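For ligands, and for the atoms within them, numbers begin at 1 and follow the listed sequence. Bear in mind the structure is a predicted one, so any value in this text is a computation, not a measurement.
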Amino acid sequence: MCGIAGYIGPREAIAIVFDQITRLEYRGYDSAGVAFQREGGIGILKKAGKLVNLKQLLETEKPVSHLAIAHSRWATHGGPTDENAHPHFDQHDRIAVIHNGIIENYFELAQELSAEGHVFVSETDTEIAAHVIGREYEKSGCLTAAVREAAKRLKGAYAMVVLSVDDPNRIVAVRNASPLVLGLGEGENFLASDIPALLPYTRKVIVMDEGDLATLSREGITLEDGNGEEKTPEVMTIDWDIEAAEKGGFPHFMIKEIHEQPESVRACLAGRLQHDGSVKLLNTLPDDVWRRTERVTMVACGTAYHAGLMGAYLIESMLRIPVEVEYASEFRYNNPILRETDLAIVISQSGETADTLAALKLAKSRGVATLGIVNVVGSSIARECDAVHYLQAGPEISVASTKAYSGQVVTLALAALYAAQVRGVSTDLAASLALLPTRMAETLCVEEQCLSIAKLIRDTQLMFYLGRGADAAAALEGALKMKEIAYVATQESPAGEMKHGPLALVEPGVVAVFGSTDPVTRDKVVSNIKEVKARRGTVIGIGLDHPMMRNVCDEFIPIPDTGSHVVNAALSVLPMQLLAYHLAHLRGCEIDQPRNLAKSVTVE
Ligand code: M6R
């Protein structure tokens with residue numbers, strides 16, 4: 001996720017904003033840049049790669065200024081290059097812009113501007129926004145008014161900071177959904193996308209509300225709401241330490257990332273799922289490939305493999321195309337049967353997993369079309385695939401994957417919907433997906449209950465994770481979370497398989513988590529629960545609310561209905577993530593970096 005910093009005041013501004021974005025490095029980025037006021041105009045220096053590259057450039061150029069803004073970019077629209085790095089100028093190099101978030105209607109705006117003769121030098125949506133602001137500035141000559149007017153044309157979630165050549169003592173900032181905070185000093189002021197970047201300089205902060213527009217000078221900050229009405233800023237005094245602030249007040253990255261899911265899924269859907277239920281995808285495979293595909297093979301590891309299973313349920317049920325989901329480490333040595341009419345979908349958060357990359361190369365060598373479902377932009381898998389759909393989840397720092405999982409399921413669902421559209425298959429999945437961010441936020445309200453259940457089962461040595469259909473796929477992911485961070489041994493399988501062997505392990509003290517998000521199989525799941533109860537195991541049910549489930553389970557965690565069993569099952573993974581997190585926390589485990597595991601597995 002990108003980082004934003006800004007400073008106006010008597011001190012050396014470039015050193016301050018550089019330090020500020022260094023403090024946001026933990027968020028992940030792949031290029032960085034600064035814009036600053038100087039004699040005769042605005043200077044911009046930017047570089048792809050790590051901050052050290054920008055530092056070298058700054059050391060060579062030695063710019064000095066009293067006003068600067070800085071940005072660290074995590075590539076979305078356009079790869080991580082010098083040209084795509086922020087800041088971006090408008091048409092006349094008079095307005096400079098940095099931006100976090102996504103301008104959803106950038107394509108439409110780019111067409112409009114191109115028709116008026118605008119020329120772009122990058123592939124970014126940010127440059128389009130800079131041109132929209134520049135066009136407004138030509139009309140009014142007032143930077144604040146230009147940003148206010150331009151914001152009315154921009155759709156999406158964004159935080160944006162703007163400078164003008166003609167106004168060297170002013171910074172204008174606007175936010176819509178993406179966070180932006182302002183810092184108050186004595187004769188100096190600051191801004192940043194996240195509080196840690198402000199803490200070495202000031203503890204007095206203003207958190208901008210949705211739609212707010214701020215104008216910063218040395219003397220002070222004025223704030224107006226989305227209707228252009230001036231408002232009195234609410235100044236907060238921050239008393240957290242910096243490490244806590246990096247985690248947004250959460251004790252660990254994992255729990256922060258669990259709570260980011262409504263927003264990361266919203267970002268994943270933004271600009272793709274349209275109001276009429278249709279899907280627009282950039283950088284996808286040609287329609288011809290979607291049309292001719294007769295079989296899909298998905299390859300992935302760990303959590304990404306579990307997301308693939310959800311994708312398989314969706315594709316098979318909607319499109320009636322057979323799907324095989326393969327562990328990448330097995331696929332590469334199994335001499336897989338691949339045909340020209342197959343499609344290989346390669347799923348990876350990091351885009352660097354060695355086995356998955358090798359599986360992708362094998363599929364390509366057999367002449368099969370390849371689609372990447374990847375989080376990290378510009379990663380090896382993203383580059384190697386014929387087409388790539390990014391998760392737009394932002395960097396995932398915790399080794400245990402959470403928001404990447406939901407991002408993978410939703411990105412696969414969008415691909416399935418797109419294929420249905422191209423093949424003329426009608427489906428109501430779009431409505432369920434549109435509901436998902438809200439349903440996720442509702443589901444996360446069960447955190448207190450998950451904590452109480454974690455206290456009850458704190459000393460358990462063995463847990464079962466069971467379900468039917470897509471709930472069986474969710475069970476695999478819930479169990480993986482539990483073992484990797486809380487170090488509890490788990491036994492996971494479709495619920496109906498239990499009596500064919502694993503049931504022998506059930507005794508008092510054993511805990512079984514049952515998913516039940518499909519009314520069609522509820523009765524069967526209840527019978528399986530009774531088998532565990534008869535052997536005095538403890539049962540935690542997670543699923544659609546129903547008296548039968550509440551009655552039979554020792555503990556029951558309800559999840560709201562999205563109208564789709566598969567989407568419901570993916571939603572039921574959220575309480576499983578919370579349960580694993582709280583149990584691990586109670587047991588004093590190393591949550592973000594569990595023993596023996598690495599975030600990116602780049603070895604076989
Ligand atoms: O980066 P990838 O998605 O390719 O990683 C795949 C697995 O290594 C990963 O999902 C792993 O299972 C996680 N630690 C699970 O939380």
Can you check side-chain hydrogen bond (donor to acceptor under 3.5 Å, both in side chains) on Lys483 and Thr490, steps first, answer last?
-> CA-CA 7 Å; Lys483 48 182 148 228; Thr490 63; 2.8 Å; yes
Are Gln392 and Leu269 close enough, and set up right, to give a side-chain contact (heavy atoms from CB on, under 4.5 Å), and what steps lead you there?
-> CA-CA 9 Å; Gln392 312 286 22; Leu269 295 172; over 6 Å; no
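For CD of Gln593, the number of neighbouring non-hydrogen atoms (other residues, nucleotides, ligands) closer than 6.0 Å is 12 at most.
Remark: ligand 1 and Gly351 share no N or O pair separated by less than 3.5 Å (distance only, no angle test). At under 3.5 Å, a nitrogen or oxygen of Gln349, whether backbone or side chain, sits near a nitrogen or oxygen of ligand 1.
Listed by chain and number, the residues in a ring-ring contact (aromatic ring centres under 6.0 Å, His included) with His71 are His86 (sequence neighbours excluded).
With 3.5 Å as the limit, one finds a donor-acceptor pair spanning the side chains of Asn568 and Asp561. There is a side-chain donor-acceptor pair under 3.5 Å between Asp471 and Thr517. Inspection of the Glu396 and Ser401 side chains reveals an N or O donor paired with an N or O acceptor under 3.5 Å.
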Cut-off 3.5 Å, no hydrogens considered: what does the side-chain donor-acceptor table look like for residues 575-586, sequence neighbours left out?
residue, atom, partner, partner atom, Å
Gln577, OE1, Gln261, NE2, 2.8
Tyr581, OH, His252, ND1, 2.7
His582, NE2, Glu447, OE2, 2.7

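When hydrogens are left out, the protein atom nearest atom 8 (O) of ligand 1 is Val601 CG2, 4.0 Å; that is the closest non-hydrogen contact. Regarding atom 13 (C) of ligand 1, its nearest protein heavy-atom neighbour is Val399 O, 3.8 Å. In terms of protein heavy-atom proximity, atom 5 (O) of ligand 1 is closest to Thr353 OG1, 3.5 Å.
Every atom of ligand 1 is numbered from 1 in the order shown, and the set under 4.0 Å from a heavy atom of Ala400 is 16 (O). For ligand 1, the atoms sitting less than 4.0 Å from at least one non-hydrogen atom of Thr303 are 10 (O), 12 (O), 15 (C), 16 (O), numbered in the order shown with element in parentheses. Which parts of ligand 1 touch Lys481 is read off a 4.0 Å heavy-atom cut-off, strictly below it: atoms 15 (C), 16 (O). Atoms of ligand 1 found under 4.0 Å from any heavy atom of Glu484, numbered from 1 in the order shown, are 13 (C), 14 (N), 15 (C), 16 (O). Of all atoms in ligand 1, listed by their number and element, those nearer than 4.0 Å to a heavy atom of Ser350 are 1 (O), 2 (P), 4 (O).
For the pair Leu597 and ligand 1, no heavy-atom separation below 4.0 Å is found. At a 4.0 Å cut-off, not a single heavy atom of Glu352 sits close enough to ligand 1 to count as contact.
Looking at Tyr29, its side chain does come within 3.5 Å of a backbone N or O of Leu51 through a donor-acceptor pair.
Counting only non-hydrogen atoms, the option in Ala328, Ala404, Cys301 that gets closest to atom 6 (C) of ligand 1 is Cys301.
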